[in-house]
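Here the structure is laid out as structure tokens; the discussion comes afterwards.
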Amino acid sequence: MNQAAQSADPPAFITVGTGDLSRQIAVRARRGAAPGLFWLGGFNSDMTGTKALALDAWAAEHGRACVRFDYSGHGESGGRFADGTIGRWLEESVAVFREVCRGPQVVIGSSMGGWMALLLARELLNQPGEAALAGLVLIAPAPDFTEELMWKGFSKEIRTEIETKGVWMRPSEYGEPYPITRALIEDGRNHLLLGGAINVGCPVRILQGARDPDVPWQHAFALTHRLPADDVVLTMIQDGDHRLSRPQDIARMLAAVGEIG
């Protein structure tokens, strides 16, 4: 099956949560050999982005399993984006990983997906299952972004609007303004990682653009210092932006995936 056909096929859905918190999560799973690949997308992104499709095409070429999905409020999944929180999206990430993946997995997380990948790793260390981590590939990872890259950088006026109205519509260079909610900020504080050591139990490869306007390279350095010293490699791409979706950036991502597994 070629890349276009894989993307055009309707996704499968799994239910996460119960009662009023139930939501349908869209999943695309390619069967293949281990280690499988597990994609975690960014904030306000979906599983049809350039990097996700390139990863799926690479998996098809190499006969590897590959799982992609959309968080609730994203892409083809149910729910409202404005209802999303780090804890809610983490619950979905863990649910899809445990239900769909088997055996060793290389988890590839982009931007917010990097935070999700680190939280997923912690969850799996605490409660192992049928699938385990073979390694992490983090692209412009943004752990703690709700606090470090949003709240701390917001003006007093924006903070007041979020606190009093519960939401602020943030302008975007990539499309329409999108909501930043009080629930997102407050829940994010329950999942902060950069205050101490981060144990993931597997090799880590980090790709970071030096010209990233959304996640400064200093953020990647701070993360690296929190990870174990063994088998953690940070690659700084001097002319790289946040998306890291150029052909040469995609090649680096795939090389990192191939190196780990």
Side-chain angles (χ1 to χ4, degrees), residues 34-43 51-52 55 64-69 71 86-149 187-208 212 215-236 244 252-261:
L37 311 180
F38 187 73
W39 171 256
L40 289 165
F43 184 70
K51 294 188 291 292
L55 191 71
R64 298 277 288 275
C66 182
V67 175
R68 299 173 289 142
F69 74 99
Y71 308 115
I86 300 304
R88 182 181 176 94
W89 293 326
L90 174 61
E91 180 187 15
E92 295 156 8
S93 303
V94 172
V96 174
F97 189 88
R98 293 196 184 280
E99 184 161 332
V100 181
C101 298
R102 296 293 181 270
Q105 304 289 318
V106 178
V107 174
I108 303 95
S110 177
S111 193
M112 182 183 80
W115 190 2
M116 288 292 155
L118 295 166
L119 292 170
L120 174 65
R122 185 173 67 179
E123 182 78 16
L124 295 174
L125 284 174
N126 292 335
Q127 294 185 348
E130 294 186 43
L133 294 188
L136 298 179
V137 176
L138 310 179
I139 306 160
D144 301 10
F145 79 89
T146 52
E147 193 70 16
E148 298 297 325
L149 304 179
D187 176 81
R189 292 172 182 147
N190 298 324
H191 303 281
L192 301 180
L193 292 174
L194 295 178
I198 304 172
N199 183 21
V200 295
C202 64
V204 181
R205 300 293 180 265
I206 301 173
L207 303 178
Q208 176 66 44
D212 187 336
V215 181
W217 61 263
Q218 292 91 340
H219 201 71
F221 266 75
L223 168 60
T224 304
H225 288 306
R226 298 300 185 189
L227 292 166
D230 57 321
D231 214 359
V232 175
V233 178
L234 168 62
T235 300
M236 187 65 64
L244 293 180
R252 290 187 182 97
M253 174 187 73
L254 297 176
V257 170
E259 178 187 350
I260 287 180

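Between the Trp115 side chain and the His191 main chain, a donor and an acceptor come within less than 3.5 Å of each other. The main-chain N or O of Phe43 is never found under 3.5 Å from a side-chain atom of Tyr71 such that the two would form a donor-acceptor pair. Under a 3.5 Å cut-off, the side chain of His225 and the backbone N or O of Ala197 do not form any donor-acceptor pair. Side chain of Gln105 to backbone of Val67: no donor-acceptor contact under 3.5 angstrom is found.
Of the inter-residue distances, the one linking Ile206 atom CD1 with Met236 atom CE reads 9.5 Å to the nearest 0.5 angstrom. Note that CD1 of Ile198 and CG of Leu193 are 4.5 Å apart. Values are rounded to the nearest 0.5 Å. Taking CG of Leu37 as the reference point, atom CG of Leu55 lies at 5.0 Å (rounded to 0.5 Å). To the nearest 0.5 Å, atoms CG (Leu227) and SG (Cys202) are separated by 9.5 Å. To the nearest 0.5 Å, atom CE of residue Met116 and atom CD of residue Glu123 are 12.0 Å apart. One finds the CD1 atom of Ile108 at 9.5 Å from the CZ atom of Phe38 (value rounded to the nearest 0.5 Å).
The two atoms that bring Ala131 and Leu124 nearest to each other are O-CD2, 4.5 Å, heavy atoms only. What you find for Gly87 and Asp187 is that their closest heavy atoms are N-OD2, 2.7 Å. Contact record, Glu130 with Arg102: OE1-NE, 2.9 Å, taken as the closest heavy-atom pair. Heavy-atom minimum distance, Pro203 versus Ile260: O-CD1, 4.2 Å. Closest non-hydrogen pair, Ile86 versus Gly188, comes out as CG1-CA, 4.1 Å. Across Val106 and Pro35, no two heavy atoms sit closer than the pair CG2-CB, 4.2 Å.
Checked for salt-bridge contact, Glu259 and Arg205 meet the test: a charged N lies under 4.0 Å from a carboxylate O. For the pair Asp144 and Arg226, the salt-bridge criterion is not met [side-chain N within less than 4.0 Å of a carboxylate O].
The shortest distance between side-chain heavy atoms of Ser110 and Leu40 does not fall below 4.5 Å. At least one side-chain heavy atom of Phe97 sits under 4.5 Å from a side-chain heavy atom of Leu120. When side chains are defined from C-beta on, Leu194 counts as touching His219, because their heavy atoms get closer than 4.5 Å.
The number of heavy-atom neighbours closer than 6.0 Å to CD of Gln218, taken from other residues, nucleotides and ligands shown, is above 12.
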- With side chain to side chain contact (heavy atoms under 4.5 Å, CB included) as the test, would you mind laying out the steps for Leu138 and Leu207 before giving the verdict? CA-CA 6 Å; Leu138 310 179; Leu207 303 178; over 6 Å; no

- Item | Check against side chain to side chain contact (heavy atoms under 4.5 Å, CB included), Leu234 and Gln208 | CA-CA 7 Å; Leu234 168 62; Gln208 176 66 44; 4.1 Å; yes

- Task: Tell me, with the steps shown, if Leu192 and Glu148 meet side chain to side chain contact (heavy atoms under 4.5 Å, CB included).
- Result: CA-CA 10 Å; Leu192 301 180; Glu148 298 297 325; 6.0 Å; no

- Item | Stepwise side chain to side chain contact (heavy atoms under 4.5 Å, CB included) test for Val137 and Val107 | CA-CA 6 Å; Val137 176; Val107 174; over 6 Å; no

